[in-house]
Amino acid sequence: LAYVQLPDTVTRIEDWAFWYCDSLTSIELPDGLTYIGASAFLFSGINSISIPGTVTLGESVFDSSKLTSVELGNGIAALPASTFRTSLVESVDIPGSVKTIGNKAFYYCRELSDVTLHEGLERIDAEAFYKCGSITEITIPSTCKTVGANAFYDTAVGTITVLNPDCEIDVAYDSSGTLGKVGVTT
């Protein structure tokens with residue numbers, strides 16, 4: 001199984017649906033899809049995907065997959081825990097409809113170098129970008145109220161720009177000296 005094209009009548013992909021389908025490299029999701037279940041593509045060979053904005057994601061959907069490219073549709077409300085954990089995602093543009101980036105959502109995504117966060121994001125949970133060693137800078141939008149513990153631990157981040165002076169930031173990075181500057185702008 002290398003390619004799947006789901007018909008428009010499919011509205012849900014249930015938990016574990018394509019678990020360990022390492023030969024699956026491509027899937028076309030219908031516009032009317034509303035749910036992708038927990039671990040649906042865990043350890044899959046899928047390398048790129050476009051997720052419609054109508055979708056609610058379960059935890060660990062693309063955990064440990066070979067995913068390198070992802071397009072997130074405007075309308076997705078959250079990236080739950082471990083959504084892309086240890087995948088090969090290289091860049092991500094997180095739409096403003098996403099209110100929460102869950103615990104370990106991008107944990108150990110070593111290839112992730114470009115992250116764009118839009119106004120609308122309210123919370124970045126603990127270890128969200130933990131060990132994403134290719135990220136060099138990040139701008140946290142003015143709508144973000146909380147950044148959890150170790151959100152940027154062991155990354156190459158040299159500059160974090162926080163646009164909300166009231167944002168509560170737990171220890172967001174390690175003390176290895178890699179972080180050069182944290183700026184809070186008003």
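Looking at E71, its side chain never comes within 3.5 Å of a backbone N or O of I51 through a donor-acceptor pair. One N or O on the side chain of T34 and one on the backbone of T11 form a donor-acceptor pair closer than 3.5 Å. The backbone N or O of A38 sits less than 3.5 Å from a side-chain atom of D15, completing a donor-acceptor pair. At least one donor-acceptor pair under 3.5 Å links the side chain of T143 to the backbone N or O of L121. Using a distance-only test at 3.5 Å, with no hydrogens or angles considered, no donor-acceptor pair links the side chain of T161 to the main chain of T139. No donor-acceptor distance shorter than 3.5 angstrom exists from the side chain of T155 to the backbone of C132, with no hydrogens or angles considered.
Using a 3.5 Å distance cut-off with no hydrogens or angles, the side chains of N74 and S97 do pair a donor with an acceptor. Judged by distance alone, the side chains of D154 and Y108 never bring a donor and an acceptor atom under 3.5 Å apart. Side chain to side chain, S64 and T86 meet the donor-acceptor criterion of an N or O pair below 3.5 Å.
Residues satisfying the side chain to side chain contact (heavy atoms under 4.5 Å, CB included) criterion with E28, sequence neighbours excluded, are Y3, Q5. Qualifying salt bridge (Lys or Arg N to Asp or Glu O under 4.0 Å) partners for R110, counting only residues two or more places apart in sequence or in other chains: none.
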Q: Please step through side chain to side chain contact (heavy atoms under 4.5 Å, CB included) for the pair S82 and K104, ending with a clear verdict.
A: CA-CA 5 Å; S82 302; K104 298 183 180 180; 3.9 Å; yes
Q: Step by step, work out the side chain to side chain contact (heavy atoms under 4.5 Å, CB included) result for F106 and T83.
A: CA-CA 7 Å; F106 293 93; T83 303; over 6 Å; no
Q) Would I13 and Y35 count as a side chain to side chain contact (heavy atoms under 4.5 Å, CB included) if you check the C-alpha gap in whole Å, the side-chain angles of each, and the deciding distance to 0.1 Å? A) CA-CA 6 Å; I13 297 174; Y35 177 75; over 6 Å; no
Q | side chain to side chain contact (heavy atoms under 4.5 Å, CB included) assessment of T136 paired with S113 | A | CA-CA 7 Å; T136 59; S113 61; over 6 Å; no
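Contact record, S142 with E119: OG-OE1, 2.5 Å, taken as the closest heavy-atom pair. The two residues L6 and P30 make their nearest non-hydrogen contact at CB-CD, 3.7 Å. The two residues L117 and V115 have their closest heavy-atom pair at CD2-CG1, 3.8 Å. The two atoms that bring G73 and P95 nearest to each other are O-CG, 3.7 Å, heavy atoms only. Between G133 and A156, the closest heavy-atom pair is O-CB, 3.1 Å.
Environment of CD in E90: crowded, with over 12 heavy atoms of neighbouring residues, nucleotides or ligands closer than 6.0 Å. Around atom CD of E14, more than 12 heavy atoms belonging to other residues, nucleotides or ligands sit under 6.0 Å away.
Here the CG atom belonging to L72 is positioned 7.5 Å from the CG atom belonging to L57, to the nearest 0.5 angstrom. Between the CZ atom in R85 and the CD atom in E127 there is a gap of 10.5 Å [rounded to 0.5 Å]. The distance from atom CD1 of I124 to atom CD1 of I169, rounded to the nearest 0.5 Å, is 9.0 Å. How far CG of L88 is from SG of C109: 8.0 Å, rounded to the nearest 0.5 Å. Going from atom CG of L33 over to atom CG of D31 covers 9.5 Å, rounded to the nearest 0.5 Å. Here the OG1-CD1 distance, from T100 to I94, works out to 11.0 Å after rounding to the nearest 0.5 Å.
Residues V55 and L29 fail the side-chain proximity criterion, which asks for heavy atoms closer than 4.5 Å. At a threshold of 4.5 Å between non-hydrogen side-chain atoms, the residues F18 and I46 do not count as touching. The shortest side-chain heavy-atom distance between L24 and D22 does not fall under the 4.5 Å cut-off. Taking the side chain as every heavy atom from C-beta outward, D93 and H118 approach each other to under 4.5 Å. Between L163 and I140 the shortest side-chain heavy-atom distance does not fall below 4.5 Å. Counting only heavy atoms from C-beta outward, the side chains of C167 and V147 approach each other to under 4.5 Å. Side-chain atoms of C144 and N164, non-hydrogen and from C-beta on, never get closer than 4.5 Å to each other. I101 is not listed as a side-chain neighbour of D125, based on a closest heavy-atom distance of 4.5 Å or more.
Hydrophobic clustering (side-chain heavy atoms under 4.5 Å, transitive across Ile, Leu, Val, Met, Phe, Trp, Tyr) keeps V89 apart from L42. The same ILVMFWY cluster, assembled from side-chain heavy atoms under 4.5 Å apart, contains both V98 and I135. A chain of hydrophobic side-chain contacts below 4.5 Å, direct or via other Ile, Leu, Val, Met, Phe, Trp or Tyr residues, connects L112 to L79. Under the 4.5 Å side-chain heavy-atom criterion for Ile, Leu, Val, Met, Phe, Trp and Tyr, L1 and V10 are members of the same hydrophobic cluster.
Looking at W16, Y20, F62 one by one, the single match for ring pair (Phe, Tyr, Trp, His ring centres under 6.0 Å) with F41 turns out to be F62. With S65 as the partner, the side-chain contact (heavy atoms from CB on, under 4.5 Å) test is satisfied by one option alone out of L67, V61, T68, D63: L67.
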